[in-house]
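Naming: A, B, ... by sequence-line order, numbering from 1 per chain.
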Number of protein chains: 2
Amino acid sequence: MQKPFQINRAYKEVQQITVAVDCLIFGFNQGNLELLLVHRGFEPERDKWSLIGGFVVNDEDLDDAAYRVLRELTGLEDVYMEQVHAFGKADRDPYERVISVTYSALVLKENYDDELVRSYKAQWFPIDALPQLIFDHEEMVEAAMRRLRRRVKTGPVGFNLLPEKFTLPQLQRLYEAILGEKIDKRNFRKKLSAMNFLIRLDEKDKSESKKGAFLYRFDEEKYNDVKHFSI
Amino acid sequence: MQKPFQINRAYKEVQQITVAVDCLIFGFNQGNLELLLVHRGFEPERDKWSLIGGFVVNDEDLDDAAYRVLRELTGLEDVYMEQVHAFGKADRDPYERVISVTYSALVLKENYDDELVRSYKAQWFPIDALPQLIFDHEEMVEAAMRRLRRRVKTGPVGFNLLPEKFTLPQLQRLYEAILGEKIDKRNFRKKLSAMNFLIRLDEKDKSESKKGAFLYRFDEEKYNDVKHFSI
DNA sequence: CCAAAAGTGTTGGAAATACACCCATGC
DNA sequence: GCATGGGTGTATTTCCAACACTTTTGG
């Protein structure tokens, strides 16, 4: 009879595996939801594009590895990021067995280090016009999008894709881009003003219209009072 | 200047890490949602309890590793199982660095191999009366419960915890156990009969009441017609 | 005959949806 | 003065929650 598992934990003899993190870096620009990808200049799958990845080293928390990879590519710190899924088919990477854990990051396109990104041959693509991706990276994008859609409906995470001050038309376009559907302007604003964590400032942004739209900011305190969010 | 990541993929030199899967095996028994745990008979954390785990070997899909671990402990095949989360703090296992990917399984308690389970010193515990667990396993339970609650509200996965034929009172008790709250009988049944994928059989189960309750079965075909579920 | 669980509809309130016009401004 | 996008309220429908009595039958 076999021994219980936990007694089998002859740790040192257990096979070890290469573990990677792949980051789905989302940005919002001129009404488009975009994803940051790097060009793959070598075989196999040369000239396809790939998510930004890196390997996890032994004394590093998995989450920290994802933050490191993000920082190395964009120079950004303090970014909203969450784990999406672990992809572990034995043959998902034809070169060697690699388990990849994906993370979804919402970054402010205006903040990242453009130099750095260019030096990595990285490029932003609108989410609905992605190039061919390597391996199972399209599946990763799908999984991250499903989660992002759910998240923005149930929590105040979308604001991470907008600057501190933003207008309601901007916010609505962001939601439309993420959810992939038109939203009724009046109903959208009604919901937002019901949960009252948006503060209207005495400033207008005239860059996108003649009339100008009021700027708002998200008030974390007020949100924490009720912790309710539903779009 | 650093080279782009993907060009750094000197795979062979990358540090490798022990990867485990831990299974949250849920069962439903006499109105209680239960979790199958194994007793840990050795240090560190001797006499605490732990999820059922095992290590991923190199030519094995991550999902397959989880199925293997489940099968080895319970003898069950064809079980509903889904990945929950990858736990990767560098020091989560004090003995060695192990990344653990958790999977949530919904099993039919009447089907599993009792002999096998006992031989592993495994035991079922009601979800609201768990013993002390090792490492970060309580966090794993929390994560799996959150997901299970969401899943049973939005999809027909709860039926995996009941036999082929079941009564509505049983189903309701299952939902109450998972969601941790009382449910109104009439509203519950109204929702179920609105989505009409439950077939009432001409049999009653009299084991739990004098009057007896009609047996139902879940009709997958009918569910697939509309693919709508909401409790 | 009575205790215990199964079964069954209606109503009121809340939330979601649909929908159309005026306003301010730059050109 | 007109084209462009910003801003606002109401009526309808749909969904959800609350709620109480009758039925069956084993003991």
J.: Does Glu139(A) offer a backbone N or O that forms a donor-acceptor pair with the side chain of Asp136(A) under 3.5 Å?
T.: no
J.: Go through dG6(D), dT25(C), dC19(C) for me and flag the one nearest to the Lys206(A) side chain.
T.: dT25(C)
J.: Round to the nearest Å and state the distance from Arg189(A) atom CZ to dT17(C) atom C1'.
T.: 17 Å
J.: Without decimals, in angstroms, what is the distance between Lys182(A) NZ and dA16(C) P?
T.: 21 Å
J.: Tell me the interatomic distance from Glu176(B), atom CD, to dA5(C), atom P, rounded to whole angstroms.
T.: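 Interatomic distance, CD of Glu176(B) to P of dA5(C): 13 Å.
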J.: Go nucleotide by nucleotide along DNA chain D from the 5' end; which of Lys204(B) and Pro169(A) gets its closest nucleotide reached first?
T.: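 Nearer the 5' end of the strand: Pro169(A).
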J.: Need to verify one output field. Residue with the more 5' nearest nucleotide on DNA chain C, Lys191(A) or Gly212(B)?
T.: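 First, find each residue's nearest nucleotide; the 5'-ward one identifies Gly212(B).
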J.: If you apply the rule side-chain contact (heavy atoms from CB on, under 4.5 Å), what do you find for Leu133(B) with Lys48(B), and how did you get there?
T.: CA-CA 5 Å; Leu133(B) 303 182; Lys48(B) 290 190 179 175; over 6 Å; no
J.: For the residue pair Leu161(B) and Leu33(B), establish whether any side-chain heavy-atom pair is separated by less than 4.5 Å.
T.: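 Yes. Closest side-chain heavy atoms under 4.5 Å.
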J.: Is it the case that dA24(C) (base atoms only) and Lys211(A) (side chain only) share a donor and an acceptor within less than 3.5 Å, ignoring hydrogens and angles?
T.: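 Per atom types, no contact qualifies.
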J.: Closest to the Lys190(A) side chain: dA18(C), dA3(D), dG6(D)?
T.: dA18(C)
J.: Would you call Arg118(B) and Asp114(B) a salt bridge, taking side-chain N to carboxylate O under 4.0 Å as the test?
T.: yes
J.: When the distance from CZ of Phe188(B) to P of dC16(D) is rounded to whole Å, what number comes out?
T.: 14 Å
J.: Starting at CG of Leu168(A) and ending at P of dC23(C), how long is that distance when rounded to a whole Å?
T.: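 After rounding, the gap between these two atoms is 20 Å.
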J.: NA contact type, Lys185(B), heavy-atom cut-off 4.0 Å: base, sugar-phosphate, or nothing?
T.: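 Base: the residue Lys185(B), judged by heavy atoms under 4.0 Å, touches a nucleobase.
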J.: Using only heavy-atom distances, decide whether a donor-acceptor pair under 3.5 angstrom links the side-chain of Arg186(A) to the base of dA20(C).
T.: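 Yes, a donor-acceptor pair under 3.5 Å.
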J.: Of the nucleotides dT17(C), dG9(C), dG5(D), which one has an atom closest to the side chain of Ser209(A)?
T.: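 The nucleotide sitting nearest to the side chain is dG5(D).
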J.: Rounded to whole angstrom units, what separation is found between the CG atom of Asp184(A) and the C1' atom of dA20(C)?
T.: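 Going from Asp184(A) (CG) to dA20(C) (C1'), I get 11 Å.
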J.: Could you state the atom-to-atom distance from CG of Asp205(B) to P of dT25(D) in whole Å?
T.: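 Nearest whole value for this atom pair: 14 Å.
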J.: With a 6.0 Å cut-off on ring centres, are Phe197(A) and Phe229(A) close enough?
T.: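 Aromatic pair counts; centres sit under 6.0 Å.
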J.: Which of these nucleotides, dT25(C), dG9(C), dG7(D), is closest to any side-chain atom of Asn187(B)?
T.: dG9(C)
J.: Can you tell me how far C1' of dC23(C) sits from NZ of Lys210(A), to the nearest Å?
T.: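 These atoms are roughly 14 Å apart.
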